[in-house]
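Just so you know, these numbers use all the heavy atoms, side chains as well, and skip hydrogens, waters and symmetry mates. In what follows, chains carry the letters A, B, and so on, assigned in the order in which the sequence lines appear, proteins first and then strands, with residues in each chain numbered from 1. Owing to the predicted nature of the structure, the values given are computational and were not obtained by experimental measurement.
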Amino acid sequence: MSVKTPIYLDNHATTPCDPAVAKAMWPYLTESFGNAASRSHAFGWAAREAIEIGREQIADLLGGDAKEIVFTSGATESDNLAIKGVAKFYENKGKHIITATTEHKAVLDSCHALEAEGWEVTYLGVDSEGLISLDELDAAFRDDTVLVSIMAGNNEIGVIQPIAEIGTRCRARKVLFHCDAVQALGRIPFDVTEMKVDLVSISAHKMYGPKGIGALWVRRGRPRVRLSPLIDGGGHERGMRSGTLPVHQIVGFGKAAELAKADLTNGGIDRVRMLRDRLWAGLKDQLDELFLNGSEEHRLPNNLNVSFAYVEGEAMMMGIKDIACSSGSACTSASLEPSYVLRAMGVDVELAHTSIRFGIGRFTTEEEIDFALKLIVEKVNWLRAMSPLYEMAQEGIDLKSIQWSAH
Amino acid sequence: MAYSDKVIDHLENPRNMGSLDRNDPNVGTGMVGAPACGDVMKLQLRINDNGIIEDAKFKTFGCGSAIASSSLITTMVKGQKIEDALAISNSDIAKELSLPPVKIHCSVLAEDAIKAAIHDFQNKKQSS
């Protein structure tokens, strides 16, 4: 068995460009370099045509209309545009927003920025599985609520929120519903009509497309969603986002969307799920005291987030340096705080320090999973042999009964 | 985290990892840190009747620099007199391992571990 190391198991952070995507982009950097806004010559027409094809491909992935796609620089901008854009456009209608504590920072920080300007935000908590409560959502609606923002699939724990049920509730109250579907698209079926969403954030590089391009899908009919733009200029993208369109990025994004849609039906995503399940089954088989973070049932097929009790996450990642993954440990973050998502779920801070996130991808192989499994088991056993906490637990000492010195 | 080669070396080849007999009257045990903070160090020293540290063992739950700091101090204190071991400061450890500023607390913890182990040894001697 020979595998090339390091192995990439961090597909929630980003994904490699599919070779078919890169190939599709190439001509638009060289011969077809026109500005899509140039209406007077063939270079502009070719660019415009390529962009419209890209729009169709992306809209097709989520069951929307091509005219509803607004291109952005990425999902961070999409989240900002959706939340701040809706809030500002509808500010005379109401200034209350509902979101959840486990949302991406782009959503949370957009809400924080609005709070500083006088908006009110309700942050729904999550249960131990990472799911919001629909009853709590019902109770959170107010007469002045204008927007609900809940993500489809969580970037850390892969938990899938009940989007269609949330959508039904928002529609009944005539409240707009924004969904960050960055991690979910191409991994689970996601149709804007079935989900009853009004705005959807999308990122190309999370689905084997290029970095630097994303989109906000904005519903045009029933309800027709309006936004105040964050960026003013030439009035591109229905006036919602000005700026010359990056044709090659959009061509790549479109191709990536087409491949992501195919993955759902051609067995691609089933293979990813099988590899994820193989890794989890193998770990459970060979190691004790493992804790799966997030719902096992309502979970993206590519995500595995595990706490390896008694083994600190950063030391673990250094131990398994032949595997690229990430940790919810404080020691890996700039803030020295463990993952806010795990904390929101009520995961003990001790266990949050030991969490590792694996993200399986389209290009992950069975050989890589088997190599990773062997290495993880070996290093966990080694680090546990080094861990005074594991030693104490083996001696039957209840770690919670000890008075630890805080530092 | 970009670590120095010394940290990586201590992490991959920890020195004196393990345990000494906690009940040995000549063994002092120091346990510092807290699981909730992400690091716990256990340092054990066997000290002879002349006050010389004959052996040192550690076990650490923590990040790479916490493991490296505890591994390093075992090599520093072995063969030392109690007074010299007590004089080791966190900056000696941080400097030796070229720890980045956010990891200085690991060296502080290592210094505390030495003091805690010696304190435990001295308590044992006084009460016996």
Side-chain angles (χ1 to χ4, degrees), chain A residues 289 307-322 326-339 342-343 347-355 378-380 382-395 397-407, chain B residues 1-4 7-20 22 29-44 57-71 74 90 99-113 115-117:
Chain A
E289 304 241 34
S307 284
F308 297 86
Y310 316 116
V311 177
E312 197 278 329
E314 193 214 72
M316 171 78 170
M317 288 206 299
M318 292 175 74
I320 56 170
K321 63 179 191 298
D322 283 339
S326 74
S327 170
S329 155
C331 284
T332 61
S333 75
S335 66
L336 290 182
E337 289 293 325
S339 154
L342 298 181
R343 297 295 294 134
V347 172
D348 272 351
V349 65
E350 290 88 335
L351 276 177
H353 281 296
T354 71
S355 72
E378 182 190 314
K379 293 298 176 183
V380 168
W382 184 69
L383 286 164
R384 280 182 174 172
M386 201 188 292
S387 170
L389 303 179
Y390 189 66
E391 182 181 60
M392 290 161 78
Q394 296 298 99
E395 288 166 3
I397 299 168
D398 178 10
L399 296 177
K400 295 216 180 294
S401 71
I402 293 178
Q403 286 279 327
W404 298 99
S405 58
H407 61 281
Chain B
M1 185 67 62
Y3 277 130
S4 67
V7 171
I8 304 282
D9 182 47
H10 275 284
L11 181 67
E12 292 181 349
N13 309 291
R15 327 288 201 268
N16 305 305
M17 196 263 281
S19 296
L20 297 173
R22 177 185 292 272
T29 300
M31 177 104 79
V32 294
C37 302
D39 32 34
V40 175
M41 283 182 196
K42 187 187 79 168
L43 178 69
Q44 294 187 300
K57 294 275 187 200
F58 85 95
K59 280 202 175 191
T60 290
F61 162 82
C63 61
S65 48
I67 292 172
S69 297
S70 35
S71 170
T74 61
N90 78 292
L99 293 182
V102 298
K103 298 293 186 182
I104 296 301
H105 70 276
C106 296
S107 62
V108 174
L109 207 55
E111 180 193 322
D112 290 350
K115 294 188 163 67

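Using a cutoff of 4.0 Å between basic side-chain nitrogens and carboxylate oxygens, A/Glu314 and B/Lys103 are scored as salt-bridged.
Here the straight-line distance linking atom CE of A/Met392 with atom CZ of B/Phe61 works out to 12.0 Å at 0.5 Å rounding. Distance check, rounded to the nearest 0.5 Å: OG1 of B/Thr60 to CE of A/Met386 gives 8.0 Å.
Ranked by non-hydrogen atom pairs under 4.5 Å with chain B, the options A/Ala385, A/Pro388, A/Ser387, A/Ala352 are led by A/Pro388. For the options A/Ile402, A/Val311, A/Asp348, A/Leu399, heavy-atom pairs under 4.5 Å to chain B are most numerous at A/Val311.
Nearest heavy-atom pair across B/Gly62 and A/Ala315 is O-CB, 3.1 Å. Of all heavy-atom pairs between B/Val40 and A/Trp404, the closest is CG1-CZ3, 3.6 Å. Residues A/His353 and B/Pro35 share a closest heavy-atom pair of CD2-O, 3.5 Å.
Contact of B/Ile67 with chain A is made through the side chain alone, with heavy-atom distances under 4.5 Å.
Not counting sequence neighbours, B/Phe58 has no partner by the ring pair (Phe, Tyr, Trp, His ring centres under 6.0 Å) test.
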side-chain contact (heavy atoms from CB on, under 4.5 Å) between A/Met318 and B/Ile8, worked out: CA-CA 8 Å; A/Met318 292 175 74; B/Ile8 304 282; 3.9 Å; yes
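A distance-only check finds no donor-acceptor pair linking the side chain of B/Lys59 to the backbone of A/Glu391 [under 3.5 Å].
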